[in-house]
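Numbered from 1 within each chain, the chains take letters A, B, ... in sequence-line order. Keep in mind it's a predicted model, so treat the numbers as computed, not measured. Computed from heavy atoms alone, side chains included, the values below leave out hydrogens, waters and symmetry copies.
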There are 2 protein chains.
Amino acid sequence: MALPKSPLPTSIASQQHDHTQCIATAMTQAQEICTHNGARLTRLREQVLRLIWQSHKPLGAYALMDMLAQESTRRVAPPTVYRALEFLLEQGLIHRINTLNAYIGCTHPSAHHANNFLICEHCGVAIEFSTQSLQDNINQTARDLGFSIKAQSIELVGCCDRCEASRHD
Amino acid sequence: MALPKSPLPTSIASQQHDHTQCIATAMTQAQEICTHNGARLTRLREQVLRLIWQSHKPLGAYALMDMLAQESTRRVAPPTVYRALEFLLEQGLIHRINTLNAYIGCTHPSAHHANNFLICEHCGVAIEFSTQSLQDNINQTARDLGFSIKAQSIELVGCCDRCEASRHD
DNA sequence: AAAATTTATGTTATTATATAACATAATCTT
DNA sequence: AAGATTATGTTATATAATAACATAAATTTT
Ligand SMILES: [Zn+2]
Ligand SMILES: [Zn+2]
Ligand SMILES: [Zn+2]
Ligand SMILES: [Zn+2]
């Protein structure tokens, strides 16, 4: 079974774009992936994923808890939201940004996930990226050092093109 | 003024080696770098750095606190050790491993620090690495996406050669 | 050298992030 | 419907980090 591909060019998150489309696509893909994996995208999990997708800025677990409380007068305790996050991570629907202790929707959910992000200090947007040559380079470097990779996290913190432009206005 | 170069081949941390030499070199370099930077490597900071260098395994701030207490019957509170860590990070003498919330000695302290590590799940060793082609690739990728990098963190979690070998004995 | 300034450390309290352990509810399987 | 499994609720606690203010040590100025 072929899973759908992401419609997002790598760096669109930092540009103006139709974000309702991002959300719609993410939710549709999530449902398809969960069905494909025989996993249940429950109301809570769906709700958490939708909240994460409200922007391209990573959100912390406690921010999500507050948003849940606001949105539905349903106040959940930490374990509840962490379990939803754990599920979404397992399904490859979100990533954890280690430098921020925060979570963000995956723009190309599929079986294998490199976890590569550009993180703008100014606007907070995290842009997922991946190129074959970079991945080849990483893999070759690890091989040269006799290391077998189980999980990969590349986080580049700096300033995105949009913020750079707006600072020179 | 030329700063000393690291004597460590990239991946030695996962091999058997004379670790007292690692420690001695690290402490000497640290003193030189601080002098060069007009910074003060106080007794506490020196002690924390030495504790971090007791192995090639990243240590958490609270583990360091316990070790300080054991070593010198000096029990320090969190802010004290965090301030020492902050200083050592600023001087480029240690790195923070984001996936572990832990700190490790830098094997090639100098002005610019890519923060690239192989982290073995089995033995806990973190191996700092860097190749020019990988860095070129990262820089080119960021440039293509209009992103200017301020800080870089690559963390590859998996299994090192030594552990891989010992599992097939 | 004494005074003033800066830098470093000590101390107490608090914030932020995440998990353990156990109870209840919902869903799936037979 | 009964039993098994999975998901969520609940309470308490662990782990990581910082804020705010006090004291001490080192450096600079007079
Ligand atoms: Zn969008
Ligand atoms: Zn930005
Ligand atoms: Zn060593
Ligand atoms: Zn290992």
Note to self: Are C:dT17 and A:Tyr62 stacked, with the base six-membered ring and the side-chain ring centres under 5.5 Å apart and planes under 30°?
What the structure shows: yes

Next item on the list: Grab the CG-P distance between A:Leu59 and C:dT17 for me, whole Å please.
Entry: 11 Å

Check: Using a distance-only test with no angle check, is there a side-chain donor-acceptor pair under 3.5 angstrom linking A:Asn115 and A:Glu128?
Finding: no

Margin query: From CG of B:Leu100 over to P of C:dT17, roughly how many Å is that when rounded to an integer?
Written below: 18 Å

Check: C:dT17 P sits how many Å from B:Asn98 CG, rounded?
Finding: 14 Å

Check: Can you tell me if A:Gln152 and B:Glu155 form a side-chain donor-acceptor pair at under 3.5 Å?
Finding: no

Checklist line | Between C:dT19 (C1') and A:Asn101 (CG): distance, integer Å | finding: 14 Å

Check: Hey, are B:Thr25 and B:Gln21 close enough side-chain-wise for a donor-acceptor pair under 3.5 Å?
Finding: yes

Please list, for nucleotides 6-8 of chain D, all pairs of protein and nucleotide N/O atoms separated by less than 3.5 Å.
unit_1	atom_1	unit_2	atom_2	d
D:dA7	OP1	A:Arg45	NH1	3.2
D:dT8	OP1	A:Thr42	OG1	2.5
D:dT8	OP2	A:Arg45	NE	3.4

Margin query: Distance check needed: C:dA8 P versus B:Glu86 CD, whole Å only.
Written below: 10 Å

Notebook entry, point to check: Under 3.5 Å, is there a donor-acceptor pair linking the side chains of A:Thr28 and A:Glu32?
Noted result: no

Margin query: Expressed as a whole number of angstroms, how long is the span from B:Leu64:CG to D:dA16:P?
Written below: 11 Å

Check: Looking at the side chain of B:Ala77, which of C:dT17, C:dT11, D:dA16 is the nearest nucleotide?
Finding: C:dT11

Check: Would you say the side-chain atoms of A:Arg143 and A:Gln140 include a donor-acceptor pair closer than 3.5 Å?
Finding: yes

Item checked: B:Tyr82 OH to D:dT15 P, straight-line distance once rounded to whole Å -> 12 Å

Check: Rounded to whole angstrom units, what separation is found between the CG atom of B:Leu89 and the C1' atom of D:dT18?
Finding: 15 Å

Margin query: Applying ring-ring contact (aromatic ring centres under 6.0 Å, His included) to B:His95 and B:Phe117, what does each step give before you reach the verdict?
Written below: CA-CA 10 Å; B:His95 293 285; B:Phe117 285 93; 5.4 Å; yes

